[in-house]
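To start, the structure itself, in structure tokens.
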Amino acid sequence: MTTSQAPLVHSAVRRGPGCAASVAVLLLAVGACSSGTRGSAPAATPSAAASAGQQEPVASLSSSASGRSTSMNIRVTLDGRPVDAVLNDSPAARDFAALLPLTLDLKDFHSTERVADLPRTLDTAGAPEPAAATVGDIAYYAPWGNLALFYRDGPAPSPDLLVLGHLDVGADRLGRATRITLEATS
């Protein structure tokens, strides 16, 4: 206990045992919140997710040195031709992976992205900080519930646009695409 905490405890003890217990619980809570890495949360293990009744992602996961899942490889074809692609490890990307396999017809939107409607909305809880989409990004526009594939850099960051992953494909080819098939890798 630091000297700055001592007067608080001593004055609480003078007020009675109930108040002292409250102060002790408060100090324990503050200590627990300040330990560990700031801003990090423990990664859920697949068995923990399964026991909590959540569906595990179907795509294969790559792991970083820390053991935390960082990306999901997926198999993508644009107009029947293969494209390398990866999804990030956000909750929305994992929910998107649960929809796979998907084949979607693409339409142009604002000469910047190819868009398609998804069969259902994605879970956006726990979304990362907004980021501006760049060429090749796979994104989800939450207000409309659609998938967006950017063939030009997107607008300023918005909490409504969640980047789910990235396609390794040229802007010209992506800008002309009319059909995409996405599948989980085994």
Side-chain angles (χ1 to χ4, degrees), residues 33 37-44 49 52 54-64 66 68-79 81-185:
C33 289
T37 306
R38 185 176 195 155
S40 67
Q54 298 171 343
Q55 184 176 0
E56 293 180 43
V58 187
S60 65
L61 298 176
S62 302
S63 296
S64 66
S66 68
R68 183 170 175 185
S69 299
T70 56
S71 62
M72 297 174 272
N73 294 316
I74 56 174
R75 187 174 18 259
V76 173
T77 57
L78 278 177
D79 297 327
R81 295 176 50 205
V83 172
D84 290 332
V86 65
L87 296 178
N88 60 39
D89 190 36
S90 68
R94 288 191 303 268
D95 194 28
F96 177 68
L99 291 175
L100 303 182
L102 282 175
T103 298
L104 304 167
D105 292 324
L106 300 169
K107 300 178 284 191
D108 192 70
F109 187 74
H110 284 301
S111 299
T112 303
E113 58 196 271
R114 304 299 287 175
V115 297
D117 293 328
L118 292 175
R120 66 168 172 80
T121 60
L122 299 181
D123 178 10
T124 60
E129 288 296 315
T134 59
V135 173
D137 278 350
I138 303 167
Y140 175 67
Y141 187 62
W144 294 348
N146 68 357
L147 189 68
L149 309 172
F150 283 83
Y151 63 91
R152 290 203 172 123
D153 289 346
S158 164
D160 292 332
L161 184 70
L162 287 76
V163 175
L164 303 175
H166 193 79
L167 298 167
D168 188 17
V169 63
D172 290 339
R173 181 172 167 203
L174 186 54
R176 291 187 312 267
T178 59
R179 191 170 186 90
I180 187 169
T181 299
L182 305 109
E183 302 170 285
T185 59

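Keep in mind the model is a prediction, meaning the values are calculated, not measured.
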Can you name the residues that form a ring-ring contact (aromatic ring centres under 6.0 Å, His included) with Tyr151, not counting sequence neighbours?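 Tyr151: no ring-ring contact (aromatic ring centres under 6.0 Å, His included) contacts found.
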In short, side chain to side chain donor-acceptor pair (under 3.5 Å) pairs touching residues 122-132 with sequence neighbours left out are none
Output, in order, the C-alpha distance, side-chain angles, deciding distance and verdict of side-chain contact (heavy atoms from CB on, under 4.5 Å) for Leu182 and Leu99.
CA-CA 9 Å; Leu182 305 109; Leu99 291 175; over 6 Å; no
Testing the basics here: between [X] and [Y], what is the closest heavy-atom pair and its distance to 0.1 Å?
X	Y	result
His166	Ile138	N-CD1, 3.9 Å
Val83	Asp168	CG1-O, 3.7 Å
Asp137	Ala132	OD2-O, 4.3 Å

*Contacts of Asp95 that satisfy side-chain hydrogen bond (donor to acceptor under 3.5 Å, both in side chains) - sequence neighbours left out*: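 Testing Asp95 for side-chain hydrogen bond (donor to acceptor under 3.5 Å, both in side chains), a comparison that skips the adjacent residues, returns Arg120.
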By side-chain hydrogen bond (donor to acceptor under 3.5 Å, both in side chains), which residues pair with Asp117, not counting sequence neighbours?
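Not a single residue meets the side-chain hydrogen bond (donor to acceptor under 3.5 Å, both in side chains) criterion with Asp117.
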Original post:
Can you name the one residue among Leu118, Asn146, Thr178 that meets side chain to side chain contact (heavy atoms under 4.5 Å, CB included) with Leu104?
Top reply: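 The passing option is Leu118.
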Enter the distance from [X]:[atom1] to [Y]:[atom2] here, rounded to the nearest 0.5 Å.
X	Y	atom1	atom2	answer
Asp79	Arg173	CG	CZ	7.5 Å
Asn88	Met72	CG	CE	6.5 Å
Leu149	Arg114	CG	CZ	9.0 Å
Leu167	Asp84	CG	CG	9.5 Å
Leu87	Ile74	CG	CD1	4.0 Å

Side-chain donor-acceptor contacts of residues 153-165 below 3.5 Å, not counting sequence neighbours, with atom names and distances?
residue : atom : partner : partner atom : Å
Asp153  : OD1  : Val135  : N            : 3.1
Ser158  : OG   : Asp160  : N            : 3.1

side-chain contact (heavy atoms from CB on, under 4.5 Å) partners for [X], two or more places apart:
X	value
Thr77	Thr181
Asp105	Arg179
Val86	Ser71, Asn73
Arg152	Ser111, Thr112

Practice prompt. Return yes if some donor-acceptor pair links the side-chain N/O of Tyr140 with the main-chain N/O of Leu122 below 3.5 Å, else return no.
Written response: yes
Q. Can Leu106 and Leu78 be said to form a side-chain contact (heavy atoms from CB on, under 4.5 Å), step by step?
A. CA-CA 10 Å; Leu106 300 169; Leu78 278 177; 4.2 Å; yes
Check the pair Ile180, Leu102 against side-chain contact (heavy atoms from CB on, under 4.5 Å), reporting the backbone distance first and the verdict last. CA-CA 8 Å; Ile180 187 169; Leu102 282 175; over 6 Å; no
Applied to residues 83-116, the ring pair (Phe, Tyr, Trp, His ring centres under 6.0 Å) test, sequence neighbours excluded, yields Phe109-Trp144
